[in-house]
Colleague: 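To start, I am sharing the structure in question, which I have written as structure tokens.
Numbered from 1 within each chain, the chains take letters A, B, ... in sequence-line order.
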Amino acid sequence: MPTDEQEKKTSLNFIEAKVVEDLAEGKNGGRLQTRFPPEPNGYLHIGHAKAICLDFGLAARYGGTCNLRFDDTNPTKEDLEYVDAIKEDIRWLGFQWGHEYYASDYFPQLWDFAVRLIKEGKAYVDEQSSEEIAAQKGTPTRPGVESPYRNRPVEESLALFTKMNSGEVEEGKMVLRAKIDMANPNMHFRDPIIYRVVKTPHHRTGNRWYAYPMYDFAHGQSDFFEGVTHSWCTLEFVVHRPLYDYFIDELKEGKDLDDNRPRQTEFNKLNLNYTLLSKRNLLILVKEGVVNDWDDPRMPTLCGFRRRGYTPSSIRKFVDKIGYTTYDALNDFALLESAVREDLNATATRVSAVVRPIKLTITNYPEGKVEEMECVNNPEDPEAGTHRIAFSCDLWIEADDFMEEAPKKYYRMTPGQEVRLKNAYIVKCTGCRKDEQGNVVEVMAEYDPETRSGLPGADRKVKGTIHWLSRNHCLSAEVRLYDRLWQVENPRDSMAKIIEEQGCETINAMRQLLNPQSLEVCHSYVETYLSEAKPLEHFQFQRIGYFCVDPDSTPGHLVFNRTVTLKDSWAKVNK
RNA sequence: UGCCCAAUGGUGUAAUGGUAGCACUACGGUUUUUGGUGCCGUCUGCGUAGGUUCGAAUCCUGCUUGGGCAACCA
């Protein structure tokens with residue numbers, strides 16, 4: 001279980017503090033049991049990572065267990081494809097569940113419980129339309145009115161409930177409702193629907209059931225059946241908690257109500273600026289082809305971050321830093337970036353890549369001569385070793401690293417100025433050659449043979465160091481430069497505003513907010529050391545950023561994704 | 001005009017009645033064969049009005065602002 005990002009804490013968040021307190025008091029027989037309860041209706045995103053780190057992380061830290069439970073009570077939205085992807089992503093994040101459960105495993109028990117409630121006069125079958133039921137529900141400021149079916153005989157409800165599950169009742173014709181209180185200020189207590197008819201086959205139980213429990217009648221009960229002690233979820237479920245407790249009190253038949261039961265505690269879900277986190281909207285992006293798939297590196301899904309080059313530990317570290325509170329925060333994406341930079345800085349092998357190439361010719365270097373230069377793999381890690389790179393008179397350098405007329409603080413290649421070629425020689429720029437349109441097509445320089453790296457002559461102070469590649473000793477590669485998908489800080493709110501003002505479809509609102517520069521594909525060059533690079537391997541392209549080998553990459557066609565740029569103080573000066 | 005929850009630098013998060021701290025960001029400086037990293041430093045904060053107390057970010061009340069709740073979704 002990952003512990004690398006769990007730095008010594010001077011204080012615990014309110015959820016962990018409660019765990020410590022409960023354990024100290026010997027609650028639940030001293031057990032700690034949690035669960036991660038995804039609905040298999042989409043891919044996991046970084047918001048889920050926040051829940052995963054809590055559910056699995058605290059269980060592990062305090063000797064408890066965390067089970068995986070798929071909340072699969074709505075077959076119209078759920079699919080096996082999502083079940084498999086969710087499991088893969090949890091493992092990738094670095095966690096292992098105890099049991100793999102499904103809410104659908106409890107359908108028989110839930111059914112029996114519902115029957116019991118009917119027999120006790122605490123539930124009834126309502127035959128009104130959803131519109132009628134909604135109208136009778138009242139509003140937050142006005143109490144609801146009771147359904148005409150509310151006090152029908154128990155036997156009648158029992159018979160109809162059985163019928164609901166037989167396949168002969170059409171969807172929407174009947175529901176089972178808990179009989180609680182139509183005037184309760186908590187809307188969820190106004191005779192909530194606990195079972196409805198769904199005819200779509202279920203991905204696990206097929207056509208065995210036609211009556212399916214609603215969330216409020218499945219989630220807490222599943223927790224109870226499994227022996228969950230701490231049930232953590234996000235803030236929007238605060239208003240559900242009284243109902244959660246109500247049904248568990250019923251299951252416990254009024255006995256031992258204060259102990260040996262699951263308790264729900266809510267925390268703030270993750271909001272990230274310049275990021276949209278809602279499975280419904282992410283699904284639209286995929287279906288409309290705005291992105292290439294759920295694992296498009298611009299997606300905030302875990303598989304998207306993986307393909308982008310984020311490491312599991314960087315995501316865990318980020319989650320650890322943002323904390324858990326009851327305040328609805330908007331977190332800065334820069335914090336996530338700092339986490340991945342911190343991680344990759346320590347681990348990624350440094351290589352040379354010229355993303356936007358321009359020719360550099362060393363005019364006084366013997367033609368045909370080739371020298372092998374030594375490169376440190378990672379200056380942060382002496383154990384990482386070295387590798388070799390070929391040097392010659394015909395080079396590529398970054399187009400950005402030459403300016404014919406440069407400002408004073410420009411330390412790179414400009415006529416008359418010395419610059420160090422990383423791991424090779426100090427060279428002096430002598431000029432450039434342009435095409436008919438005036439574009440620079442080649443830069444010329446002379447090298448100083450005494451300044452080869454490692455020789456005493458190399459100790460000379462030179463302001464700038466640039467990277468390079470030998471044109472006859474490098475590989476071409478496709479480099480995908482990713483940037484944020486959204487131009488606005490809070491796409492969720494901006495979308496809502498556009499939809500309200502223009503009355504347009506979600507996808508149209510989205511298109512107005514997308515960053516047109518979220519992906520730039522470059523025809524670049526990388527050093528031959530990368531010929532064997534494997535998918536998902538991380539590298540630092542020196543002076544540029546961290547990159548990850550895309551799964552599409554093959555030895556004949558290398559593809560790299562930019563995970564994140566290096567911090568660039570020149571870019572700031574240059575603005 | 002109901003019920004519930006919240007509010008600490010630009011962002012996020014600590015301090016649990018006793019010196020408002022940390023991280024990110026921003027901006028300086030320093031080191032550096034990555035304008036990276038490291039190191040040092042600077043700026044900016046308890047929503048508001050009362051009350052309790054020797055003492056309040058913390059407890060109480062009002063106000064303000066924000067969020068959630070009226071799916072046969074979870």
Side-chain angles (χ1 to χ4, degrees), chain A residues 9-13 17 37-39 41 71-74 76-78 103 126 129-130 133-135 137-144 171-177 184-188 190 193-198 212 214-216 218-219 233-242 266 268 273 279-280 318 321-339 341-342 345-346 350 352 376 379-380 409-412 420-424 426 451 453-454 458-467 540-545 565-574:
Chain A
K9 295 245 174 124
T10 52
S11 65
L12 305 177
N13 67 55
E39 184 189 12
N41 68 342
D71 247 334
D72 56 347
T73 57
N74 185 358
T76 61
K77 292 188 174 172
E78 295 152 7
D126 196 331
S129 69
S130 62
I133 291 173
K137 201 143 197 173
T139 69
T141 52
R142 252 204 319 272
E171 291 184 11
K173 294 295 179 197
M174 288 181 201
V175 291
L176 184 69
R177 291 229 253 169
N184 200 292
N186 183 338
M187 299 293 290
H188 297 276
R190 323 250 261 225
I193 293 169
I194 57 177
Y195 261 90
R196 80 293 210 188
V197 175
V198 179
Y212 287 88
M214 300 282 291
Y215 169 83
D216 283 315
H219 192 89
C233 62
T234 48
L235 252 21
E236 67 267 30
F237 291 99
V238 168
V239 284
H240 292 251
R241 194 193 325 135
E266 310 84 9
N268 60 344
N273 61 5
K279 279 197 271 187
R280 203 184 118 254
F318 166 72
K321 283 181 178 180
I322 59 175
Y324 298 85
T325 69
T326 54
Y327 171 73
D328 187 30
L330 179 60
N331 290 279
D332 198 338
F333 202 95
L335 189 60
L336 214 204
E337 292 185 331
S338 83
R341 284 195 188 106
E342 186 183 323
N345 177 53
R350 272 61 170 172
S352 292
V376 171
E380 306 294 316
K409 288 203 160 178
Y410 188 79
Y411 303 144
R412 308 177 189 180
R420 188 188 301 275
L421 297 182
K422 177 85 181 169
N423 300 129
I426 294 171
T451 60
S453 292
D459 292 342
R460 199 190 323 154
K461 281 269 182 251
V462 179
K463 275 274 191 183
T465 299
I466 66 172
H467 61 279
Q540 186 197 92
F541 287 2
Q542 262 177 140
R543 302 208 306 131
I544 300 176
T565 61
L566 252 33
K567 279 213 235 166
D568 187 353
S569 49
W570 166 246
K572 284 174 191 164
V573 171
N574 204 18

Colleague: Extract from the structure each pairing of a protein N or O with an N or O of nucleotides 19-22 of chain B at less than 3.5 Å, listing the distance.
Modeller:
none

Colleague: Looking at A:Arg460, I'd like to know if its CZ atom is crowded, meaning that more than 12 non-hydrogen atoms belonging to other residues, nucleotides or ligands lie closer than 6.0 Å.
Modeller: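 Yes, the 6.0 Å shell around CZ holds more than 12 heavy atoms from other groups.
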Colleague: Using the C1' atom on both, measure B:G68 against B:G55 and round to a whole Å.
Modeller: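 Pairwise C1' distance, B:G68 against B:G55, rounds to 37 Å.
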Colleague: Is the gap between the ring centers of A:Tyr410 and A:Trp570 under 6.0 Å?
Modeller: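 Between A:Tyr410 and A:Trp570, the centre distance is under 6.0 Å.
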Colleague: Do the ring planes of A:Tyr215 and A:His240 sit parallel (below 30°), tilted (30 to 60°) or perpendicular (above 60°)?
Modeller: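 If you compare the ring of A:Tyr215 with that of A:His240, the planes turn out perpendicular.
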Colleague: Using salt bridge (Lys or Arg N to Asp or Glu O under 4.0 Å) as the criterion, list what pairs up with A:Glu266, not counting sequence neighbours.
Modeller: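 In terms of salt bridge (Lys or Arg N to Asp or Glu O under 4.0 Å), with neighbours along the sequence ignored, A:Glu266 is linked to A:Arg241.
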Colleague: Go along nucleotides 27-39 of chain B 5' to 3' and tag each nucleotide: B for a protein heavy atom under 4.0 Å from its base, S when only backbone or sugar atoms are that close, - otherwise.
Modeller: S----SBBBBS--
Colleague: Can you list everything that forms a side-chain hydrogen bond (donor to acceptor under 3.5 Å, both in side chains) with A:His188? Sequence neighbours excluded, please.
Modeller: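 A:His188: no side-chain hydrogen bond (donor to acceptor under 3.5 Å, both in side chains) contacts found.
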Colleague: Go through RNA chain B and write down every stem, that is, every run of at least three consecutive Watson-Crick or G-U wobble pairs with distances under 3.5 Å, as range with range.
Modeller: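 For RNA chain B the paired stretches long enough to count as stems (3 pairs minimum) are B:2-7 with B:64-69, B:10-13 with B:21-24, B:26-30 with B:38-42, B:47-51 with B:59-63.
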Colleague: Just to confirm, is there a sub-4.0 Å distance from OP1 or OP2 of B:U13 to any side-chain nitrogen or oxygen of A:Asn268?
Modeller: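 For A:Asn268, the contact criterion (side-chain N or O under 4.0 Å from OP1 or OP2 of B:U13) is met.
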Colleague: Indicate yes or no: does A:Lys567 engage A:Glu337 in a salt bridge with an N to O separation below 4.0 Å.
Modeller: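 Looking at A:Glu337 together with A:Lys567, the answer is no, because their closest N to O distance does not fall below 4.0 Å.
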Colleague: Output one letter per nucleotide in nucleotides 65-74 of chain B: B when a protein non-hydrogen atom lies under 4.0 Å from the base, S when only the sugar-phosphate is that close, - when neither is.
Modeller: --SBSB-BSB
